[in-house]
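First comes the structure, then the notes that go with it.
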Amino acid sequence: MKKYLFMVAGLWAINSSYAQCTISGSNILKLNETTSFTVDTKGQCEECYLWKSSNDKNVTFEGSLKTNKINLTPKDVGKNNISVSILTDKGPVECGKTVEVVETKQGVAQNNCGINIDDFKEVKVSESVISFFPNENRISDYLYKWTVTYANGEIQESTEKIPQFFFSEINYITLVKLKITSKSPICSLSVSKKYEQNFWKPSSTTKTTSIEQKAYSQGSYNEYIKPDDNKIKTEINH
């Protein structure tokens with residue numbers, strides 16, 4: 001039977017006038033969820049079929065590839081082509097189907113651990129102290145790690161949710177990185193911002209007008225939730 005199938009595979013490779021057949025199954029697949037596909041054309045035997053994918057690294061076939069039904073589990077998002085070659089009583093037949101793999105909302109939530117923080121705002125506590133506020137004010141079981149880099153290369157860190165750092169116009173802050181770690185599930189998300197010297201200089205034409213002088217408060221900063229900032233850069237690390 002194996003030799004016979006190899007001969008059939010050779011015929012499939014050189015014969016381009018295949019009859020039409022149809023693969024039944026969803027066109028939209030969910031990431032990591034198994035989907036079944038069947039073909040409507042009957043083969044000469046139970047194992048006279050051969051399934052394949054345009055990208056075997058992005059999908060996983062389950063069970064035999066030589067029957068009229070196949071189970072497929074996608075491992076990456078994007079489009080993929082699946083096809084099946086069949087040896088029928090009238091000769092070889094081949095048909096294909098394009099599917100698109102999408103990520104479910106649940107999968108997206110798992111990727112960011114349910115952490116809603118995606119930005120933070122800088123607020124002046126005094127002329128020499130700056131505070132940073134994450135844009136999430138709900139009580140949550142997160143671990144925070146702030147890393148601040150100054151113009152002279154000095155690095156300061158804090159594990160407070162709302163930290164304070166000294167700064168000056170000469171030794172101004174050039175980079176702030178916030179790493180938030182979720183305890184359950186254990187994973188982390190990082191948010192970072194870069195700053196130029198002009199950002200910290202008082203001027204009506206620069207963004208420093210948004211660096212507000214306000215009294216420092218650990219418990220009240222609702223006005224700082226979800227600010228607009230084009231400098232945001234978010235990356236997810238698992």
Side-chain angles (χ1 to χ4, degrees), residues 1-119 136 140 180 182-191 226 232-238:
M1 176 61 72
K2 290 183 178 180
K3 291 183 179 180
Y4 182 60
L5 287 175
F6 285 136
M7 292 176 62
V8 171
L11 288 173
W12 286 334
I14 62 175
N15 192 334
S16 60
S17 59
Y18 299 146
Q20 286 188 335
C21 59
T22 302
I23 297 175
S24 298
S26 177
N27 295 329
I28 304 298
L29 310 183
K30 295 181 180 180
L31 188 63
N32 295 321
E33 291 189 9
T34 301
T35 303
S36 298
F37 295 92
T38 58
V39 62
D40 61 355
T41 301
K42 185 177 181 180
Q44 283 187 356
C45 60
E46 290 184 358
E47 294 190 343
C48 288
Y49 303 82
L50 184 61
W51 292 84
K52 59 183 178 181
S53 167
S54 61
N55 192 338
D56 292 334
K57 294 182 180 180
N58 290 346
V59 300
T60 299
F61 288 110
E62 300 179 6
S64 174
L65 299 179
K66 300 177 182 179
T67 63
N68 71 329
K69 182 179 179 180
I70 193 70
N71 292 326
L72 182 150
T73 304
K75 298 300 182 182
D76 198 6
V77 296
K79 291 186 177 181
N80 206 319
N81 295 317
I82 58 174
S83 60
V84 58
S85 300
I86 313 160
L87 180 62
T88 72
D89 291 334
K90 296 181 180 181
V93 174
E94 183 173 4
C95 56
K97 183 181 185 70
T98 299
V99 297
E100 183 172 3
V101 182
V102 298
E103 191 169 12
T104 63
K105 291 182 179 180
Q106 182 180 2
V108 173
Q110 290 173 347
N111 283 343
N112 64 15
C113 316
I115 298 174
N116 295 317
I117 299 170
D118 60 5
D119 198 2
E136 173 57 70
S140 54
I180 313 105
S182 171
K183 295 181 181 180
S184 180
I186 299 177
C187 68
S188 63
L189 180 149
S190 294
V191 180
K226 302 293 183 185
I232 189 68
K233 179 182 178 183
T234 304
E235 57 185 8
I236 298 175
N237 302 314
H238 290 274

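The first residue of the sequence shown is numbered 1, and numbering continues consecutively from there.
- Of the residues Ile23, Asn81, Asn80, the one that meets the side chain to side chain contact (heavy atoms under 4.5 Å, CB included) test with Val99 is Asn80.
- Looking at heavy atoms from C-beta onward, Cys95 lies in side-chain contact with Val39 at the 4.5 angstrom threshold.
- Atom OG1 in Thr73 sits 4.0 Å away from atom CD in Glu62 (nearest 0.5 Å).
- Rounded to the nearest 0.5 Å, atoms CD1 (Ile70) and OG (Ser64) are 7.0 Å apart.
- Glu47 places no side-chain N or O within donor-acceptor distance of the main-chain N or O of Thr67, the cut-off being under 3.5 Å.
- Between the side chain of Trp51 and the backbone N or O of Asn68 there is no donor-acceptor pair closer than 3.5 Å.
- You'll find the side chain of Val59 stays beyond 4.5 Å of the side chain of Leu29, heavy atoms only.
- To the nearest 0.5 Å, the span separating SG on Cys21 from NZ on Lys97 amounts to 11.5 Å.
- Side-chain N or O atoms of Tyr49 include one that pairs as donor or acceptor with a backbone N or O of Gly43 at under 3.5 Å.
- Taking every heavy atom of both residues into account, Ile117 and Ile180 meet most closely at CG2-CD1, 3.9 Å.
- Between atom CG of residue Leu50 and atom CD of residue Glu94 there is a gap of 9.0 Å, rounded to the nearest 0.5 Å.
- Once rounded to the nearest 0.5 Å, the distance linking CD of Glu100 with CD1 of Ile28 reads 5.0 Å.
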Exercise for the section: Take Asn71 and Thr34, measure what side-chain hydrogen bond (donor to acceptor under 3.5 Å, both in side chains) needs, and give me the verdict at the end. Expected result: CA-CA 6 Å; Asn71 292 326; Thr34 301; over 6 Å; no
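- Across all non-hydrogen atoms, the minimal contact from Lys75 to Thr60 is CE-OG1, 3.5 Å.
- Here the straight-line distance linking atom CD1 of Ile82 with atom OG1 of Thr35 works out to 9.0 Å at 0.5 Å rounding.
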